[in-house]
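Order of the sequence lines fixes the chain letters, A, B, ..., with proteins taken first and strands second; residue numbering starts at 1 for each chain.
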Protein chains: 4
Amino acid sequence: MLMEINFEIDKPIYRQLVEQIIAGIARKDLLPGERLPSVRNMAEDLGINMHTVNKAYQELRDRGFILIHRQRGVVIHPSGAPKADENYIAILKEQLHPLLAESVARNLSKTDFEKLVQQIYDHYEQKEGE
Amino acid sequence: MLMEINFEIDKPIYRQLVEQIIAGIARKDLLPGERLPSVRNMAEDLGINMHTVNKAYQELRDRGFILIHRQRGVVIHPSGAPKADENYIAILKEQLHPLLAESVARNLSKTDFEKLVQQIYDHYEQKEGE
Amino acid sequence: MLMEINFEIDKPIYRQLVEQIIAGIARKDLLPGERLPSVRNMAEDLGINMHTVNKAYQELRDRGFILIHRQRGVVIHPSGAPKADENYIAILKEQLHPLLAESVARNLSKTDFEKLVQQIYDHYEQKEGE
Amino acid sequence: MLMEINFEIDKPIYRQLVEQIIAGIARKDLLPGERLPSVRNMAEDLGINMHTVNKAYQELRDRGFILIHRQRGVVIHPSGAPKADENYIAILKEQLHPLLAESVARNLSKTDFEKLVQQIYDHYEQKEGE
DNA sequence: GTGGTCTAGACCACA
DNA sequence: GTGGTCTAGACCACG
């Protein structure tokens, strides 16, 4: 799977990596049990430091998206991504709040907002019918 | 309007301030032309540094939410909040992407996601019928 | 509070630090809200690297023992240490298992084992009567 | 005796093996003089590397739990497991310290802790009355 | 001055 | 060859 880092924006590299791997899981480009490159390989591929990749992997492990075997490397969690529990919903709501507040302030209609959501959902679930 | 700063979360204080003022505009607690406390007063009220308030005000001005007059102080932009132009939509999409990716990965249905959106919209538009 | 690192044993430094801070909380040497040295100061005091201290602090934060403010530094969690929930009990049991297995194999009586537990409990709760 | 390796947790495989054999001795599933599979067989059964089994056996021999004869293979030490001498007690205390510290910090009562100990003791001494 | 991020390079345990 | 740990030193955001 192709990972792309944008060095211009101020989003931390390890954060971009975390998001892209989760996006890969969402798009089913990365399947349960599938292997990810070793920290060193991934770092070399992206032209970044090993530790930066490691930080991303650690976070993904802590959040239940991947497993890290000391020897066998890193794999997408075989039992699939963690489910959307109450805890996650609460965090998600907190993240949505400021986005929606600004949309309301700018007079973006709920319909238009939901169109956006629809578009992005489609982007991730494009393989649904396969 | 009551501002509340949470010093325990890691979101920067100036960021919390920006978001709360935009939320105030969305909820129509802050109306076009309404005066905001001076940098000095706001800082005192919240027990934070003047520079922090200033940073928040600068950002709100740059984004078109407020006007800063040397004499008349700080006011909510009289012509209302900026509209949701293409540029804003693009930024919004970028912010939504990682949130939706994780939701899809975690198998949260679009319906459930939209319920969340509905809830938050209601929270900001509660005064609609008044 | 005095922290002591043993460079001879193979227990990672950051791990020793985590344990000593938890021990400090148990002994009430570190009270809720109390400040810990900055990563740099702690590192200098112990003659170790900043990042090692940071790794310990991160873990303590993730486990709910401390709060990290970007500017105000690090404090023992004001609401006290997290409680012993089911999750913790499960982990504790898993950690006790091999210890008890070996004790049983070596014919250490349960009474003797409990004497040990008693001793150590006393060590941590010595201030109870104050 | 059934050995089970968990490849997903981060405890080294050889360590899991050591602990399971000691647990087997504690439960009297493995009796003094009883033969253990050869390094080669054990490795094959578990689908792990010979070196890993060897490392586990070496440690068990060094700690007095098994004997390794060139001819007769590997046997549980005929004179039974080593006793709980001062040296062992000291090590045990060191291992218990951090566990108890966290329990105290988390406000787990000594009674509750001892209930846990009781449960685990029972688990290993279940055959006592047979 | 505080923690957050990133880099570079090293040694070790595990398998 | 894999991740884990540690060091050294740098720049940045925040307040």
Side-chain angles (χ1 to χ4, degrees), chain A residues 5 7 10-18 35-44 46-59 61 66-75, chain B residues 5 7 9-17 43 46-56 59, chain C residues 5 7 10-18 35-44 46-59 61 66-75, chain D residues 5 7 9-17 43 46-56 59:
Chain A
I5 300 300
F7 295 93
D10 69 348
K11 192 179 295 202
I13 296 174
Y14 84 94
R15 195 113 287 288
Q16 294 185 45
L17 206 43
V18 166
R35 217 168 158 246
L36 287 176
S38 74
V39 282
R40 284 172 179 78
N41 282 343
M42 178 70 96
E44 208 176 338
L46 297 174
I48 61 178
N49 192 281
M50 190 193 85
H51 294 107
T52 307
V53 176
N54 197 46
K55 187 163 187 176
Y57 279 3
Q58 293 296 330
E59 177 172 333
R61 187 201 55 183
I66 66 174
L67 287 180
I68 301 178
H69 296 87
R70 265 168 193 261
Q71 319 317 330
R72 298 197 285 156
V74 179
V75 297
Chain B
I5 301 300
F7 294 94
I9 60 177
D10 69 351
K11 192 179 295 204
I13 295 172
Y14 86 94
R15 199 105 283 287
Q16 293 185 46
L17 211 42
L46 297 174
I48 62 179
N49 196 299
M50 268 177 46
H51 299 331
T52 308
V53 178
N54 199 47
K55 187 163 186 174
E59 177 171 332
Chain C
I5 301 300
F7 295 93
D10 68 349
K11 192 180 294 203
I13 296 175
Y14 84 93
R15 195 114 286 289
Q16 294 185 46
L17 206 44
V18 166
R35 216 167 158 247
L36 287 175
S38 75
V39 282
R40 283 172 179 78
N41 282 344
M42 178 70 95
E44 206 176 339
L46 298 175
I48 62 178
N49 191 282
M50 192 193 83
H51 294 108
T52 307
V53 176
N54 197 44
K55 187 163 187 175
Y57 280 2
Q58 292 296 332
E59 178 172 334
R61 188 202 54 183
I66 66 174
L67 287 179
I68 302 179
H69 297 85
R70 266 168 194 260
Q71 320 317 331
R72 298 197 284 157
V74 179
V75 296
Chain D
I5 301 299
F7 293 94
I9 60 177
D10 69 350
K11 192 180 296 206
I13 295 173
Y14 86 94
R15 199 104 284 284
Q16 294 186 44
L17 211 43
L46 297 174
I48 61 179
N49 197 297
M50 268 178 45
H51 299 331
T52 308
V53 177
N54 200 47
K55 186 162 186 175
E59 178 170 331

*To the nearest Å, how far apart are Ile66(C) CD1 and dG3(E) C1'?*
11 Å
_Spacing of Ile13(B) atom CD1 relative to dA13(F) atom P, expressed in whole Å_ = 17 Å
*Does Asn54(A) put a side-chain nitrogen or oxygen below 4.0 Å from OP1 or OP2 of dG4(F)?*
yes
_Counting only heavy atoms not in His51(B) (residues, nucleotides, ligands), do more than 12 fall under 6.0 Å from its NE2?_
no
*Base, sugar-phosphate, or nothing: which does Tyr14(C) touch, judged by heavy atoms less than 4.0 Å apart?*
sugar-phosphate
*Arg70(A) or Gln58(C): which one's nearest nucleotide on DNA chain E is closer to the 5' end?*
Gln58(C)
_If you assign each of Met50(A) and Phe7(A) to its closest nucleotide in DNA chain E, which residue comes earlier from the 5' end?_
Phe7(A)
*Looking only at side-chain atoms of Ile48(A), point me to the closest of dA10(F), dA15(E), dT7(E).*
dT7(E)
*When you match His51(C) and Arg15(B) each to their closest nucleotide on DNA chain F, which lands nearer the 5' end?*
His51(C)
*Separation of atom NZ in Lys55(C) from atom C1' in dG4(E), rounded to whole Å*: 16 Å
*asked:* Using a 4.0 Å heavy-atom cut-off, does Arg72(A) contact any base of the nucleic acid, only the sugar-phosphate backbone, or nothing at all?
replied: nothing
*asked:* At less than 3.5 Å, do the side-chain atoms of Gln71(A) and the base atoms of dG3(F) form a donor-acceptor pair?
replied: no
*Would you mind telling me which residue lines up with the more 5' stretch of DNA chain F, Asn49(B) or Lys11(C), judged by nearest nucleotide?*
Lys11(C)
*Can Phe7(A) and Ile48(A) be said to form a side chain to side chain contact (heavy atoms under 4.5 Å, CB included), step by step?*
CA-CA 10 Å; Phe7(A) 295 93; Ile48(A) 61 178; 3.8 Å; yes
*Separation of dG1(F) C1' from Asn41(A) CG (nearest whole Å)*: 10 Å
